Undergrad: 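Below is a structure I'd like to ask you about.
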Amino acid sequence: EMPLISVKNLKKYFNMSQSKEMIRAVDGISFDIYEGETFGLVGESGCGKSTTGKLILRLLNPTDGEVLLNGDNILKYNRKKFRKLRKDLQIVFQNSSSVLDPKMFAYDILVEPLILHKIVPRYELNEEVDRLLDMVGLPKSSKRKLPNEFSGGQKQRLIIARALATRPKFIICDEPVSSLDVSIQSQILNLLVKFQNEYSLTYLFIAHSLNVVRHISNRVGVMYLGKIVEIGSNKEIFKSP
Ligand code: ADP
Ligand code: ADP
């Protein structure tokens, strides 16, 4: 069976302008993600997890390596070809102030990807926004709110709704619950699991804690200083004594 996503010897080195130092943020990692599974990518802060996610979505240019989607190297696609594909690949970032434009109403935040990728005709935009809000458990009245008028959990629901708007096949969940109160974390995780089952989504789930991925991932890769130091099924990673 061919993996949906195959990362091969991926590298990202950052040159520091002030010094001659080079940061090997991602230093030759390889892993496969199969359709319908959740691949957990874990490791301590700064080990290269987010950079890996951004490389897969071409939000950063790699130093070296390949990202195959159904066997095709998407890093070689020209911009136009990649833009078409982009609606299938989404990312849910950690809930932070930088992720949502503070001056955009929730309505516009959700409408933007719908228009960009022509998901529904214009006259259905309003209805589609209502549907997306409903899916993630937000009231219709949220449309007229700005990001800062939402609680942390609600903001994360909005971020998830925006990612789902283009009906993606693959979502990178980059620490989607780590900035939330513990009492809200399970709600958001349950929501992500629900959508995975409902829409046959494939997830790359990034977390700095093994606990978060333990229950939701099929396979896990453990990163340390830019490298994958351990990889295997949940059973192999979480050996019971
Ligand atoms: P993680 O997601 O595991 O916390 P990151 O991928 O964010 O780790 O970062 C990996 C390493 O790369 C860190 O040392 C970080 O400081 C560095 N890094 C990340 N982004 C940049 C950047 N734009 N410029 C320079 N260094 C960066
Ligand atoms: P279809 O492929 O016929 O649209 P699905 O079972 O895939 O049927 O989807 C059922 C409903 O959910 C449809 O209204 C579809 O537009 C919507 N839908 C499907 N996938 C997603 C997704 N990832 N995010 C949001 N809505 C979706």
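We count ligands from 1, going down the list as the structure has it; atoms in each ligand are counted the same way. What you are looking at is a predicted structure, and each value in this text was computed from that prediction instead of being measured. All values below come from the heavy atoms of this structure, side chains included, with hydrogens, waters and symmetry mates left out.
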Undergrad: I'd like to know if the side chain of Gln90 and the backbone of Ile171 have a donor-acceptor N/O pair within less than 3.5 Å.
TA: no

Undergrad: Could an N or O of ligand 1 be found under 3.5 Å from any N or O of Phe14, whether backbone or side chain?
TA: no

Undergrad: Does the protein come close to atom 16 (O) of ligand 1 - that is, does one of its heavy atoms sit below 4.0 Å from that atom?
TA: no

Undergrad: Is the shortest heavy-atom distance from the side chain of Thr63 to the side chain of Phe14 under 4.5 Å?
TA: no

Undergrad: Geometry only, no angles: is Lys49 polar-contacting ligand 1 at N/O separations under 3.5 Å?
TA: yes

Undergrad: Between Glu149 and Lys143, is the closest basic N to carboxylate O distance under 4.0 Å?
TA: no

Undergrad: Is Arg58 reaching over with its side chain to a backbone N or O of Ile74, donor-acceptor style, under 3.5 angstrom?
TA: yes

Undergrad: With a 3.5 Å cut-off and no angle check, do the side chains of Asp64 and Tyr13 form a donor-acceptor pair?
TA: no

Undergrad: How close does the nearest protein non-hydrogen atom get to atom 7 (O) of ligand 1, and which residue and atom is it?
TA: Ser50 CB, 3.7 Å

Undergrad: Grab the two heavy atoms, one from Lys140 and one from Leu133, that are nearest each other, plus how far apart they are.
TA: O-CD1, 4.0 Å

Undergrad: List the steps, then state whether side chain to side chain donor-acceptor pair (under 3.5 Å) holds for Ser142 with Gln154.
TA: CA-CA 9 Å; Ser142 324; Gln154 288 174 332; over 6 Å; no

Undergrad: Looking at Gly46, which atoms of ligand 1 are within less than 4.0 Å of one of its heavy atoms?
TA: 1 (P), 3 (O), 4 (O), 8 (O), 10 (C), 11 (C), 13 (C), 14 (O)

Undergrad: Name the option, out of Ser45, Ala25, Gly48, that contains the heavy atom nearest to atom 8 (O) of ligand 1.
TA: Gly48

Undergrad: For His208 and ligand 1, answer yes if some heavy atom of the residue is under 4.0 Å from a ligand atom, otherwise no.
TA: no

Undergrad: Show me which atoms of ligand 1 lie under 4.0 Å from any heavy atom of Glu44.
TA: 3 (O)

Undergrad: Looking at ligand 1, does any of its N/O atoms fall within less than 3.5 Å of an N/O of Cys47?
TA: yes

Undergrad: In terms of residue, atom name and distance, what is the protein heavy atom nearest to atom 6 (O) of ligand 1?
TA: Thr51 OG1, 2.5 Å

